[in-house]
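Any value given below was found using the heavy atoms of this structure, including those in side chains, with hydrogens, waters and symmetry copies removed.
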Amino acid sequence: MDEEREPDPRFTLANERTFLTWLSTSLALSAAGVAMAAVPRDVFVPWVRLAVAVVLALLATLAAALAYPRWRQVQIALRRRAPIPALALAPVFGYGVAVVAALALVLIVVAG
């Protein structure tokens, strides 16, 4: 087992802020998903509105579910003075937001 040491408090606190940011992001994505689902059916094309709401809710779920494991991985790496592991789900969040933006564009074009 690798030797563990107490990391510099600044790095620990930065890791904690990142964890809290993941949770804040999850709440924002969740609120956006609920808001999109609450839009009246006659305002937007129903299947696109539903798709946007579902993608937002899925991204919110992923962000919340993976916040603590990510915090733990980084904290272990800091204690072992090892490289910080790459965020494997970065493409999922990047492409997920891109899908939401594309669906929003469809909503705007179809509704306009």
Group every Ile, Leu, Val, Met, Phe, Trp and Tyr by side-chain heavy-atom contacts under 4.5 Å, then state whether [X] and [Y] land in the same group.
X     : Y     : value
Val34 : Val54 : no
Leu27 : Trp22 : no
Val74 : Leu20 : no

Roughly how far, to the nearest 0.5 Å, is [atom2] of [Y] from [atom1] of [X]?
X     : Y     : atom1 : atom2 : value
Ile76 : Ile84 : CD1   : CD1   : 11.0 Å
Glu3  : Arg81 : CD    : CZ    : 8.5 Å
Glu4  : Gln75 : CD    : CD    : 9.5 Å

Taking all non-hydrogen atoms of both residues into account, name the closest pair between Arg10 and Arg17 and its distance. O-NH2, 4.5 Å
Scanning both residues in full, the closest heavy-atom pair of Arg49 with Met36 reads CG-O, 3.2 Å
Could you pull out all donor-acceptor pairs under 3.5 Å where a side-chain atom in residues 93-112 meets a protein atom, sequence neighbours excluded?
none

Quick check against the 3.5 Å criterion: does Ser30 have a side-chain atom that pairs as donor or acceptor with the backbone of Ser26? no
For residues 28-65, the ring pair (Phe, Tyr, Trp, His ring centres under 6.0 Å) pairs (sequence neighbours left out) are none
Could you check Thr12 against Asp8 for side chain to side chain contact (heavy atoms under 4.5 Å, CB included), going step by step and ending with a plain yes or no? CA-CA 7 Å; Thr12 296; Asp8 183 325; over 6 Å; no
For residues 55-71, dump all side-chain donor-acceptor pairs below 3.5 Å to protein atoms at least two apart in sequence or in another chain.
unit_1, atom_1, unit_2, atom_2, d
Thr61, OG1, Ala57, O, 2.9
Arg70, NH1, Pro85, O, 2.7
Arg70, NH2, Pro85, O, 3.1

Heavy atoms, side chains only, cut-off 4.5 Å: are Arg79 and Glu6 in contact? yes
